[in-house]
Chemist: 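Got a structure for you, written out below as structure tokens; questions coming shortly.
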Amino acid sequence: MKQHCALKHGILKEFLAEFLGTFVLVLFGCGSVAQTVLSRNTLGESLTIHIGFTTGLMMGVYVAGGVSGGHLNPAVSLAMVILGKLKIWKFPIYVIAQFLGAFAGAAGVFGLYYDAFMDFTSGILSVTGINATGHIFASYPGRHLTVLGGFIDQVIGTGMLVLCILAITDSKNIGAPKGVEPLAIGLVILGISVSMGMNCGYPLNPARDLGPRLFTAVAGWGMEVFSTAEYWWWIPVAGPLIGGITGAVVYFLLIELHHSNHTEKTNQEPEEEEEDEEEEDSSLKDKYEMITMS
């Protein structure tokens, strides 16, 4: 059966891996928010949400990492394209898979907690107000946050995410042991969540934010999910893309560019051996002269 059903084209395998990995990320992440909000904080709090997204990303990378690299984020995929680690023609395929996976993950959370949603909202799904639930699926800014402040927040947060991912996966740096990379990447998200989550909840991922936002638009929340907060929706889409490029360029210029090449090492080794042989020859010659003189 495996021989008949197994996919032959590598890009289709990568598409499915990115789809399923992003689905896992959103199901754990948005599911933790839903449990906290719908239980009115009796079964969750900020820390459980951070753990939910950390676990979701970690498990999502474990699911997809061996097939597609486990990007789960268009900002990460774009950074890999910039660095030449992902072919540019694969980029739109990865992004489509990630958006669809996030959309499906949001649908999974809504289906899982449908009865709780109806009980909490009395059937009225809204983005603002005391019984607002739109923020379970997508990010919205704090009252103090300006558009420029939100954009900078996303650039810095996503830049740090991509920079740390590159360090973790850099074989010429300390890196992380094979198989432990997803755990280390999850810890990066945990660090960002507890230090940079105040402004708008650290979306850092265009697919993770826009995919569920699109789901809420068609599932009953309406177009308010796009118009709220002066059309905030584009900030967690554009900001992370710029941040991903920035983080990739910074790591490349300050760290990766200065790694010594393997060819340089191999060229240096014969030169060192030749120098050692010359030193041995000269020492033997000196000993011979001393013996003859005596």
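Fair warning: this is a prediction, and the values are worked out from it, not measured in the lab.
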Chemist: Is there a continuous path of hydrophobic side-chain contacts, each under 4.5 Å between heavy atoms, that joins Tyr140 to Trp234?
Modeler: yes
Chemist: Would you say the side chains of Gln35 and Tyr113 form a donor-acceptor pair under 3.5 Å?
Modeler: yes
Chemist: Mind checking whether Met80 and Leu166 have side chains closer than 4.5 Å, heavy atoms only?
Modeler: yes
Chemist: From Leu125 CG over to Asn131 CG, what is the distance, rounded to the nearest 0.5 angstrom?
Modeler: 10.5 Å
Chemist: Are Leu38 and Ile51 linked, directly or through intermediate hydrophobic residues, by side-chain heavy-atom contacts shorter than 4.5 Å (ILVMFWY only)?
Modeler: no
Chemist: Are Val95 and Glu18 close enough, and set up right, to give a side chain to side chain contact (heavy atoms under 4.5 Å, CB included), and what steps lead you there?
Modeler: CA-CA 9 Å; Val95 171; Glu18 287 295 311; over 6 Å; no
Chemist: Is Glu14 close to Ile93 at the side-chain level, that is, under 4.5 Å between some pair of heavy atoms?
Modeler: no
Chemist: Can you see which heavy atom on Ser68 is nearest to which on Ala17, and at what distance?
Modeler: OG-CB, 3.8 Å
Chemist: Is a donor on one side and an acceptor on the other found under 3.5 Å between the side chain of Thr121 and the backbone of Gly123?
Modeler: yes
Chemist: Is it true that the side chains of Asn173 and Tyr251 contain a donor and an acceptor less than 3.5 Å apart?
Modeler: yes
Chemist: So if you build clusters from Ile, Leu, Val, Met, Phe, Trp, Tyr with side-chain heavy-atom gaps below 4.5 Å, do Met196 and Leu190 land together?
Modeler: no
Chemist: Give a yes or no on whether Leu12 atom CG has more than 12 heavy-atom contacts from other residues, nucleotides or ligands under 6.0 Å away.
Modeler: yes
Chemist: Step through the shown structure and confirm whether more than 12 heavy atoms of other residues, nucleotides or ligands are within 6.0 Å of CG on Leu253.
Modeler: yes
Chemist: Regarding Asp209 and Ser139, is there a side-chain donor-to-acceptor distance under 3.5 Å anywhere?
Modeler: yes
Chemist: Does any non-hydrogen side-chain atom of Ile165 lie less than 4.5 Å from one of Val188?
Modeler: no
Chemist: For Ala64 and Leu72, which heavy atoms make the closest approach, and how far apart are they?
Modeler: CB-CD2, 4.2 Å
Chemist: Can you name the closest pair of heavy atoms from Pro203 and Pro236 and give their distance?
Modeler: CG-CB, 3.7 Å
Chemist: Does Tyr94 use its side chain to pair, donor to acceptor, with the backbone of Leu86 at less than 3.5 Å?
Modeler: no
Chemist: Considering residues, nucleotides and ligands other than Met118, do more than 12 of their heavy atoms fall under 6.0 Å from its CE?
Modeler: yes
Chemist: Distance check, rounded to the nearest 0.5 Å: Ser195 atom OG versus Met160 atom CE?
Modeler: 8.5 Å
Chemist: Under the criterion side chain to side chain contact (heavy atoms under 4.5 Å, CB included), I'd like the reasoning laid out for Phe15 against Ile96: C-alpha separation, chi angles, the key distance, then a yes or no.
Modeler: CA-CA 8 Å; Phe15 179 92; Ile96 293 171; 4.0 Å; yes
Chemist: With the 4.5 Å side-chain cut-off for hydrophobic clustering, are Ile174 and Leu187 part of the same group?
Modeler: no
Chemist: What is the minimum heavy-atom distance between Phe120 and Ala132, and which atoms define it?
Modeler: CE2-O, 4.1 Å
Chemist: Tell me the closest heavy-atom pair linking Ser39 and Thr42, and the distance in Å.
Modeler: O-OG1, 2.6 Å
Chemist: Under 6.0 Å from the CD atom of Glu230, do we count more than 12 heavy atoms belonging to anything else shown?
Modeler: no
Chemist: Can you tell me how far apart CD1 (Ile185) and OG1 (Thr169) are? Round to the nearest 0.5 Å.
Modeler: 6.5 Å
Chemist: Report the C-alpha distance between Phe53 and Phe28 in whole Å, list the side-chain angles of each, state the deciding distance to 0.1 Å, and finish with yes or no for ring-ring contact (aromatic ring centres under 6.0 Å, His included).
Modeler: CA-CA 6 Å; Phe53 275 104; Phe28 275 92; over 10 Å; no
Chemist: For Thr158 versus Gly244, what's the shortest heavy-atom pair and its separation?
Modeler: CG2-N, 3.9 Å
Chemist: Just wondering, do Glu224 and Thr128 contact through their side chains at under 4.5 Å, heavy atoms?
Modeler: yes
Chemist: Answer yes or no: is there a side-chain heavy-atom contact under 4.5 Å between Ser32 and Thr48?
Modeler: no
Chemist: Within a strict 4.5 Å, meaning less than it, do heavy atoms of the Trp232 and Arg213 side chains meet?
Modeler: yes
Chemist: Do the side chain of Asn73 and the main chain of Leu204 share a donor and acceptor less than 3.5 angstrom apart?
Modeler: yes
Chemist: Once you round to the nearest 0.5 Å, how far does CD of Gln154 lie from CD1 of Ile152?
Modeler: 11.5 Å
Chemist: With rounding to the nearest 0.5 angstrom, report the OG to CE distance, Ser227 to Met223.
Modeler: 7.5 Å
Chemist: Has Ser77 got a side-chain atom pairing as donor or acceptor with Pro74's backbone, closer than 3.5 angstrom?
Modeler: no
Chemist: Under a 4.5 Å cut-off applied to non-hydrogen side-chain atoms, are Leu25 and Asn205 in contact?
Modeler: yes
Chemist: Ring centroids only, cut at 6.0 angstrom: are Phe215 and Phe110 within range, meaning strictly under it?
Modeler: yes
Chemist: When you compare the side chains of Thr22 and Gln98, does any donor N or O come within less than 3.5 Å of an acceptor on the partner?
Modeler: no
Chemist: Would Phe103 and Phe99 count as a ring-ring contact (aromatic ring centres under 6.0 Å, His included) if you check the C-alpha gap in whole Å, the side-chain angles of each, and the deciding distance to 0.1 Å?
Modeler: CA-CA 6 Å; Phe103 187 95; Phe99 272 102; over 10 Å; no
Chemist: Could you walk me through whether Phe137 and Phe117 pass the ring-ring contact (aromatic ring centres under 6.0 Å, His included) check?
Modeler: CA-CA 12 Å; Phe137 297 97; Phe117 272 103; 5.7 Å; yes
Chemist: Is there a path of hydrophobic side-chain contacts, each under 4.5 Å between heavy atoms of I/L/V/M/F/W/Y residues, joining Ile88 to Ile242?
Modeler: yes
Chemist: With rounding to the nearest 0.5 Å, note down the distance linking CD1 in Ile11 to NZ in Lys87.
Modeler: 9.5 Å
Chemist: Should the pair Glu256-Lys85 be classified as a salt bridge under the 4.0 Å nitrogen-to-oxygen rule?
Modeler: yes
Chemist: Within the 3.5 Å criterion, strictly below it, is a donor on Thr133 or Trp221 matched to an acceptor on the partner's side chain?
Modeler: yes
Chemist: Counting distance only, does the side-chain N/O of Thr228 pair as donor-acceptor with the main-chain N or O of Val225 below 3.5 Å?
Modeler: no
Chemist: With the side chain counted from C-beta on, respond yes when Pro212 and Val26 share a heavy-atom pair under 4.5 Å apart, and no when they do not.
Modeler: yes
